[in-house]
Amino acid sequence: MTNPVRPAQFLKSFGRGLVSGIPYFWLLLFFVIPFVIVLKISFAESQIAQPPFTDLTSFADDMLTISLNLFNYIDLYEYDLYLDGYISSVKIAGISTILCLLIGYPIAYAIAKLPPHARNLALMLVILPSWTSFLIRIYAWIGLLKNNGLINNALLGLGLIDEPLVMLHTPIAVYIGIVYAYLPFMILPIYTNLVKHDHTLLEAASDLGATPAAAFFKVTLPLSVSGIVAGSMLVFIPSVGEFVIPELLGGPDTLMIGKLLWSEFFNARNWPGASAVAVVMLIMLIIPITIFQRYQAKDLEAIADD
Amino acid sequence: MTNAGIGRWSWMALVSGFIFLYVPIFILMFYSFNESRLVTVWAGFSIKWYGELFRDEQMMSAVWMSLKIAFLSASMAVVLGTMAAIAMVRFGRFRGKTMFTGMITAPLVMPEVITGLSLLLLFVTLSQALGWPAERGSVTIWIAHTTFCMAYVAVVVSSRLREFDRSLEEAAMDLGASRLGVFFRITLPIVAPALLAGWLLAFTLSLDDLVIASFVSGPGSTTLPMVVFSSVRLGVSPKINALATLLVLAVSMATFIAWWYMRRQELIRQKEIQSAFNK
Amino acid sequence: MATEQSNSQIENKKLVQLEIKKLEKDFDGFKAVNNISLDIYQGEIFALLGASGCGKSTLLRLLAGFEMPTAGDILLNGQSLIGLSPHERPINMMFQSYALFPHMTVEQNIAFGLRYEHLSKVEITRKIDEVLNLVQMAQYAKRKPHQLSGGQQQRVALARSLAKEPKLLLLDEPMGALDKKLRTQMQLEIVDILESVEVTCVMVTHDQEEAMTMASRVGIMDAGVIRQIGQPIEVYEQPNCRMTAEFIGSVNIFEGTLSVDEPDHAQINCPDLPVPIHVAHGVVGSFGMQLAFALRPEKVRVDMEKPANAHNFARGVIEDIAYLGSHSIYHLRLPSGKKVLASVANSDRLVTGDDAPRLTWNDEVYLSWSEKSGVVLSA
């Protein structure tokens with residue numbers, strides 16, 4: 001006997017449709033379609049008008065003409081500025097990610113070893129700065145790194161240096177800024193992973209003759225890989241497109257693609273050019289974003305299946 | 001993972017980590033009380049920069065604008081993010097689920113310049129085609145912020161929903177509650193703390209955003225980070241230090257009150273459980 | 001005791017309260033419940049007993065309305081429940097985890113269901129008092145669930161599901177969340193409460209001791225079907241197939257062929273035994289057919305001397321002895337290599353250092369059983 005479709009049944013599926021449909025539609029309209037438009041406009045030509053780009057399609061003499069303008073992409077290839085920008089963005093983001101990992105892992109490890117009530121407090125202290133203001137935390141480093149800033153003043157005062165070290169507006173300042181701003185995003189996923197580890201595994205390892213160091217490298221580290229990957233992606237992907245940090249802490253020669261996109265858009269008012277920069281950046285980030293989603297989705301689906 | 005002894009190396013990592021995280025902020029706050037305009041040379045205690053901050057009308061109207069947008073974005077993000085979380089955790093497999101999950105989590109890592117640019121181009125295209133939005137301003141910022149904040153809310157709420165004991169809902173239905181009744185009388189009260197946490201996270205994220213807002217804002221809708229950014233670009237100013245101090249104090253006070261409250265509840269709970277067993 | 005009392009009730013009334021007719025539930029091609037038909041009588045406690053994954057929980061959830069059947073019908077007092085949501089069924093359930101609402105007090109938990117009954121405030125309060133007194137939890141009315149011990153939470157869960165006076169009460173692994181000591185105590189307490197309100201009960205459990213203590217009838221479930229239904233004594237002493245014999249308690253199985261088949265006795269030739277198995281009843285079967293003979297360990301006698309009877313014995317060596325206090329389990333090995341368990345009551349006090357001869361490891365012994373102790377099953 002099959003169930004007749006009852007009003008309650010209908011209401012239930014209608015309700016479910018609404019609950020998943022509304023956010024789906026919102027994200028489709030405000031997250032997916034915008035990318036399609038970016039792609040479209042990256043093939044347009046810049047013009048001085050409102051809006052400042054040409055239409056791809058024109059309709060004249062009963063003919064629909066679609067003109068794809070590849071010059072924006074050719075420009076990206078031909079001007080060393082962009083190519084260098086991409087390379088240096090990936091390099092800066094990559095090195096910063098590794099630095100975050102080297103600094104963040106021991107912190108996450110230490111927090112996971114604290115007694116439970118202290119753990120929550122420590123965790124909160126890690127997150128707290130990121131609830132204040134990104135901009136202001138970057139701004140704080142300007143005062144520290146300037147030629148007449150606190151670090152230089154202190155070093156000069158101690159007689160360790162004779163003339164101020166140039167730190168602000170150098171790549172070093174950008175590294176410091178990224179590590180400082182994104183460190184919590186590395187610590188959190190690693191901590192979440194480590195805190196779930198069964199401590200008896202380490203006891204078993206040492207019972208079987210492993211030294212604490214060997215137990216760490218053979219048991220703890222391999223088990224925390226998923227936390228490391230998640231944390232690294234959370235740092236790497238946004239860093240590649242970072243704008244505020246290179247703008248405030250980097251120098252004119254610190255090329256980063258987020259900054260190039262910004263100036264292409266706001267200063268040169270070349271919208272198609274900026275779109276092409278964005279499209280290439282997105283293509284570059286597809287692999288890391290997919291890795292991130294794999295690790296995220298594994299979590300989400302493991303539960304939905306049971 | 002628990003261990004009675006946290007080793008010397010771990011302590012060092014923890015202490016130096018917190019020094020790295022907090023010293024720049026404390027120095028920033030310290031110099032907000034400096035008499036001098038130069039933020040690096042101490043010239044005596046003064047609170048004049050706080051006065052100047054409150055007299056800065058552009059800054060104050062930007063604060064108001066940012067708070068308004070953050071409040072509305074966080075509220076909308078909680079509604080949409082919760083729906084998305086329910087769909088992800090509760091609906092099992094459905095058509096388009098992979099894409100749905102992808103769309104929810106992608107904004108978490110998407111570089112802001114891309115999100116900002118793409119939303120701006122969407123708004124321009126829409127206004128060309130439909131005449132809406134006629135001009136960019138607080139509404140477009142609200143849409144943009146809701147979109148990326150709902151991803152965070154969805155993650156927070158879905159992790160709470162996944163821990164949720166489904167038999168509570170079945171018990172409620174078994175006792176006569178309809179689906180809607182179950183949701184409002186059982187599910188919602190129990191996940192409420194996660195909704196609040198999601199709202200607060202969304203609120204701070206919206207309040208903090210510079211890049212996306214810069215793309216999608218229009219004349220007359222300047223948010224606080226935009227004002228701070230243009231001021232910081234021109235160099236350090238004690239007024240910004242004063243603003244930072246107030247912001248840090250507000251956030252840490254709110255956090256510590258929440259933490260203290262939760263800790264107290266936990267202690268009361270433990271005491272009650274003990275007395276229950278001692279009887 | 002409780003069991004006998006309810007047996008006599010059934011004999012008197014035998015009114016069918018719940019009819020399950022050819023019920024089926026299919027999960028993506030997997031038949032969790034496969035064509036089950038079952039009658040539950042008014043006032044009885046019926047236990048569905050089976051290993052995890054046998055479909056017993058699915059059957060319970062079909063009754064509660066959390067799952068919709070693929071085919072078949074469920075009738076409560078003659079009326080079909082198919083298509084009714086859980087909240088529309090006059091059936092309540094006590095959950096394994098108790099599912100007490102953590103944000104409500106004991107009182108509010110019980111009031112939750114009563115609110116949907118359109119009762120006055122006074123009446124709701126009266127009912128709450130009534131059920132809390134029934135489970136002896138009246139003094140805890142204002143507590144929240146987390147302030148209660150496991151046993152107390154269980155009483156509240158029971159009170160909450162009884163408050164609505166359901167026509168049928170479902171119990172999902174009622175003792176699953178309690179520790180062993182508390183279990184035995186609560187089993188009898190709950191049976192007393194259930195019998196005092198005369199509610200019809202279907203419970204699900206994987207614990208045979210629990211099923212046999214609490215239920216008046218037991219259904220053994222396996223792979224989506226009910227293999228045997230009967231009173232606890234029936235399913236233990238007269239299993240109808242190897243599966244039930246092996247599932248309930250432990251059992252020795254001897255495989256053999258039918259050699260003698262008379263109306264009043266039969267013999268089975270078993271290659272593991274030196275003499276045929278002799279049973280005191282006829283087996284309706286063909287000569288030479290394959291059969292299995294099931295013998296419970298407590299029905300096996302162990303002696304040093306050769307028993308007098310001509311059938312039903314074998315020689316064996318003691319391989320292992322598990323001393324369990326009240327009795328000991330002897331692990332015996334026959335010359336053929338077949339292993340047999342024998343449970344022997346420790347009726348004499350065993351004192352260390354006592355030099356009375358006692359059975360010990362590697363002793364050669366005789367095992368034997370009477371012609372009425374075993375059950376013949378199809379192989």
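Basis for what follows: all heavy atoms, side chains included, without hydrogens, waters or symmetry-related copies. Throughout, protein chains are lettered first and strands after them, A, B, ... in sequence-line order, and every chain is numbered starting at 1.
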Identify the two heavy atoms, one from [X] and one from [Y], that lie closest to each other, and give their separation to 0.1 Å.
| X | Y | answer |
| --- | --- | --- |
| A:Ser133 | B:Leu247 | CB-CD2, 3.5 Å |
| B:Pro111 | A:Leu285 | CG-CD1, 3.4 Å |
| A:Ala140 | B:Pro24 | CB-O, 3.9 Å |
| A:Gln293 | B:Thr105 | NE2-OG1, 3.1 Å |
| B:Ala244 | A:Ile136 | CB-CG2, 3.2 Å |
| B:Met150 | A:Pro23 | CE-CB, 3.8 Å |

Please classify the contact between [X] and chain B as side chain, backbone, both or neither, with a heavy-atom cut-off of under 4.5 Å.
| X | value |
| --- | --- |
| A:Ser239 | neither |
| A:Leu282 | both |
| A:Leu261 | side chain |
| A:Phe185 | neither |
| A:Phe265 | side chain |
| A:Phe243 | side chain |
| A:Ala108 | neither |
| A:Val126 | both |

Drop me the distance from [X]'s [atom1] to [Y]'s [atom2], to the nearest 0.5 angstrom.
| X | Y | atom1 | atom2 | answer |
| --- | --- | --- | --- | --- |
| B:Arg263 | A:His117 | CZ | NE2 | 5.5 Å |
| A:Ile187 | B:Leu21 | CD1 | CG | 6.0 Å |
| B:Phe100 | A:Leu28 | CZ | CG | 10.5 Å |
| A:Leu128 | B:Phe256 | CG | CZ | 6.5 Å |

*Could you go through the side-chain contact (heavy atoms from CB on, under 4.5 Å) check for A:Phe134 and B:Leu210 one step at a time?*
CA-CA 9 Å; A:Phe134 184 80; B:Leu210 164 73; over 6 Å; no

*So which part of B:Thr125 gets closer than 4.5 Å to some heavy atom of chain A, the side chain, the backbone, both or neither?*
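Looking at B:Thr125, just its side chain touches chain A.
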
*So do the side chains of B:Tyr31 and A:Leu150 get within less than 4.5 Å of each other, counting heavy atoms only?*
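Yes. Closest side-chain heavy atoms under 4.5 Å.
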
*Close side-chain approach of B:Val124 and A:Trp271, heavy atoms under 4.5 Å*: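 The answer is yes, as the side chains (C-beta and beyond) meet within the 4.5 Å cut-off.
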
*asked:* For the interface with chain B, which of A:Ile103, A:Ile142, A:Ile289, A:Leu248 has the highest count of heavy-atom pairs at distances below 4.5 Å?
replied: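 The candidate making the most pairs under 4.5 Å is A:Leu248.
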
Side-chain donor-acceptor pairs under 3.5 Å in residues 30-42 of chain A, sequence neighbours left out?
| residue | atom | partner | partner atom | Å |
| --- | --- | --- | --- | --- |
| A:Ser42 | OG | A:Leu39 | O | 2.6 |
| A:Ser42 | OG | A:Tyr73 | OH | 2.6 |

*asked:* Take a 6.0 Å sphere around CZ of A:Phe25 and say whether it holds more than 12 heavy atoms from other residues, nucleotides or ligands.
replied: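 No.
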
_If we check side-chain contact (heavy atoms from CB on, under 4.5 Å) with A:Trp131, which of these qualifies: B:Val248, B:Leu207, B:Leu201, B:Leu200?_
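It is B:Leu201; the other options fail the test.
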
